[in-house]
Amino acid sequence: MASQPIRKPTRLEPWQDPGQTPYVRIDRVTKRFGDFVAVDEVSLSIHRGEFFALLGGSGSGKTTLLRMLAGFETPSDGKIYIDGVDMTGIPPYERPVNMMFQSYALFPHMTVEQNVAFGLKQDRVPKPEIRDRVAEMLNLVQLGQFAKRKPHQLSGGQRQRVALARSLVKRPKLLLLDEPLGALDRRLREQTQFELVNIQERLGITFIVVTHDQEEAMTMSSRIAVMNHGKIAQVGTPSEVYEYPNSRFVSEFIGSVNLFEGIVAEEQSDHVLIRSEEAGCDLYINHGVMVPPGTRVAVAIRPEKITLAKEAPAAADGRNLARGLVREIAYLGDMSIYLVQLAGGKTVRVTAPNVTRRTEMPITWEDEVYLSWQPFAGVVLTQ
Ligand code: ATP
């Protein structure tokens, strides 16, 4: 996967600082609909100023969790605290929260300006202040020149930005966004991802975003909670969940991955050796994993961490070195994807940047190739 987190690292992230109290605390929250458990004992702490993504497949419970934060659903068990206050029994309009829905729900008969001003009018904010705040927000989302248009005269991306301006104008401390970029095409989506991160950083609002798009979560968020069947499978920064997934599920959900099944043959503090029939070679990893020899594990290796070559690499000791036949090549412009079939039948996915022109591509269909990777490339998964 090409996407990399674009957030600038700060000195000590709030979730690493034991002195910081979380802004949102979800404490063993469960939501049942009849017998069905949609959210299953979820605990999460989210800090002020975070751009936090809830990522998961369809039906994993993301939206239900978001709706409980907003107050549109009541937890069956557990508690939600926002800014230290227990939200039990507090209706949506009394929470320091605003929610931007999947459908945007703009008023069709109102202009862009009137749509953005609506919430402030309801709160009886004085007119001159409404004018200033609406203008400020429209500038922020770069829609100043469309103030007098109606929603049907806008593109999907512009409508999305009106909805965003409308959610931000009330200056909520916490903004909940449900698939905010769902209606946009790929190019607009990428552009808007950057805008959203910039806006969030400038205003310092805490964002919690629901998405099923892992690339989007990787690009925008400070941290990601991966959800599966109502539970949190892993919480971490984009690079943590990508580089150090804690399970087969997370490794396969975030980006593409090759999973090699094997058995631990040696386990020391500085390395682990895994015998893998599937890979056709021993897998050597340069750190211990604290599981006894004989344990069945999987080793996850990302496609971009594997090098393809027609000749065996120099000084190869047979570890982390597989052989196979190139079965498929997908040329994507900036990079190519190779599907290589190993002797045992397993297909391995390898990505390589196209640093030379395509016509000079040295590896082609049905070539016999060596696949090699570094001792730090593999992640051992026990669940
Ligand atoms: P998607 O990405 O498809 O929106 P999601 O992760 O947001 O999925 P939720 O909308 O939270 O999923 O739904 C989680 C589960 O709870 C689903 O199986 C859904 O059918 C169920 N569910 C949600 N709301 C209700 C409801 N009001 N009554 C019964 N079941 C519900």
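Remember, it's 1-based here, ligands and their atoms both numbered in the order they're listed.
- Using a 4.0 Å heavy-atom cutoff, Gly56 is absent from the residues neighbouring ligand 1.
- Considering both main-chain and side-chain atoms, His212 never comes within under 3.5 Å of ligand 1 through any nitrogen or oxygen pair.
- Near Ser60, with a cut-off below 4.0 Å to any heavy atom, the atoms of ligand 1 are 5 (P), 6 (O), 12 (O).
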What side-chain donor-acceptor pairs closer than 3.5 Å can you find for residues 368-382, not counting sequence neighbours?
from   : atom 1 : to     : atom 2 : distance (Å)
Glu368 : OE2    : Arg323 : NE     : 3.4
Glu368 : OE2    : Arg323 : NH2    : 2.8
Trp373 : NE1    : Asn320 : OD1    : 3.4

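- A cation-pi geometry, defined here as NZ or CZ lying under 6.0 Å from the six-membered ring centre and within 45° of its normal, does not hold between Lys148 and Phe146.
- Each of the atoms 15 (C), 16 (O) of ligand 1 lies under 4.0 Å from some heavy atom of Ala38.
- Look at Lys62 and Asp178 and you find no salt bridge, because none of the NZ, NE, NH1 or NH2 atoms lies under 4.0 Å from a carboxylate O.
- Counting heavy atoms closer than 4.0 Å to ligand 1, residue Lys62 contributes atoms from both its backbone and its side chain.
- The N/O atoms of Leu65, backbone and side chain alike, include none that comes under 3.5 Å of an N/O atom in ligand 1.
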Query raised in the report: Between Lys79 and Asp27, does a salt bridge (Lys or Arg N to Asp or Glu O under 4.0 Å) hold up when you go through it step by step?
Result: CA-CA 5 Å; Lys79 283 192 186 299; Asp27 186 19; over 6 Å; no

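- The side-chain tip of Arg349 does not point at the ring of Tyr338 from less than 6.0 angstrom away and within 45° of straight on.
- Ligand 1 has no nitrogen or oxygen under 3.5 angstrom from a nitrogen or oxygen of Glu179.
- Where the criterion is an N or O separation shorter than 3.5 Å, residue side chain and backbone included, Gly59 meets it with respect to ligand 1.
- Pairs engaging residues 249-258 under the salt bridge (Lys or Arg N to Asp or Glu O under 4.0 Å) rule: none recorded [sequence neighbours left out].
- Distances from ligand 1 to the non-hydrogen atoms of Gly57 include at least one value under 4.0 Å.
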Report task. Kindly indicate, with the supporting measurements, whether the criterion salt bridge (Lys or Arg N to Asp or Glu O under 4.0 Å) is fulfilled by Asp123 and Lys170. Result -> CA-CA 9 Å; Asp123 289 353; Lys170 289 182 78 175; 3.3 Å; yes

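- Ligand-side atoms of ligand 1 in range of Thr63: 4 (O), 5 (P), 7 (O), 10 (O), 11 (O), range being under 4.0 angstrom from any heavy atom.
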